[in-house]
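First up is the structure itself, then whatever we jot down about it.
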Amino acid sequence: MTAKPKLHYTNGRGKMESIRWLLAAAGVEFEEEFIEKKEDLEKLRSDGVLMFQQVPMVEIDGMKMVQTRAILSYIAGKYNLYGKDLKERAWIDMYVEGTTDLMGMIMYLPFQAADTKEKNLALIIERATNRYFPVYEK
């Protein structure tokens with residue numbers, strides 16, 4: 001029996017959430033090892049398992065994979081969720097990139113200056129409502 005994939009990330013959603021969703025869609029059980037303190041991340045870095053010194057990192061099939069898009073592509077390909085041909089894969093990639101754009105706006109909102117946060121939240125809501133959600137619903 002193959003070991004369950006092990007996900008390394010903070011105890012939050014962020015860039016690991018789409019990986020969790022894809023594993024769930026594939027019906028794959030996984031384990032999570034949360035990075036709870038700076039020392040946890042430093043240990044991964046000093047062990048040399050983080051190619052770019054950052055998470056998310058997924059241990060799967062004997063690999064320690066980093067970079068969200070690479071992890072998603074691998075899981076999708078492994079579990080036949082990456083389209084039946086090149087054209088379907090291109091459509092999937094477009095949806096993934098759109099979701100990445102929207103998530104990027106949302107993830108950086110807490111780090112913006114207080115005087116611009118309200119304006120930027122309104123912009124995110126407008127773009128989500130008029131640009132992204134109609135595409136996903138279609």
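Keep in mind that this is a model prediction, so the values were computed, not measured.
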#### Entry: ILVMFWY network linking Leu7 to Met51, side-chain heavy atoms under 4.5 angstrom
yes
### Task
Answer yes when Arg127 and Asp101 have at least one side-chain N-carboxylate O distance shorter than 4.0 Å, and no when they do not.
no
### Message
Test of understanding: clusters of I, L, V, M, F, W, Y form through side-chain heavy atoms closer than 4.5 Å, transitively. Do Met107 and Val66 belong to the same one?
### Response
no
### Task
Find the distance between NZ (Lys84) and CZ (Arg89) and round it off to the nearest 0.5 Å.
10.5 Å
### Query
Is there a donor-acceptor pair under 3.5 Å between the side chain of Asp85 and the backbone N or O of Lys87?
yes
### Query
Any salt bridge between Lys4 and Glu29, counting N to O under 4.0 Å?
yes
### Message
For a quick test of reading the model, state the closest non-hydrogen atom pair linking Gly77 to Tyr82 and the distance between them.
### Response
N-CB, 4.0 Å
### Closest non-hydrogen atom pair between Leu50 and Arg45, with its separation
CD1-CG, 3.9 Å
### Task
Kindly say whether Thr99 contributes a backbone atom to a donor-acceptor pair with the side chain of Tyr136 at under 3.5 angstrom?
yes
### Query
Rounded to the nearest 0.5 Å, how far does CD of Gln112 lie from CG of Asn120?
4.0 Å
### Salt-bridge contact Lys43-Asp40 (side-chain N to carboxylate O under 4.0 Å)
no
### Message
Quick one, Asp93 and Arg69 - any side-chain contact, counting heavy atoms below 4.5 Å?
### Response
yes
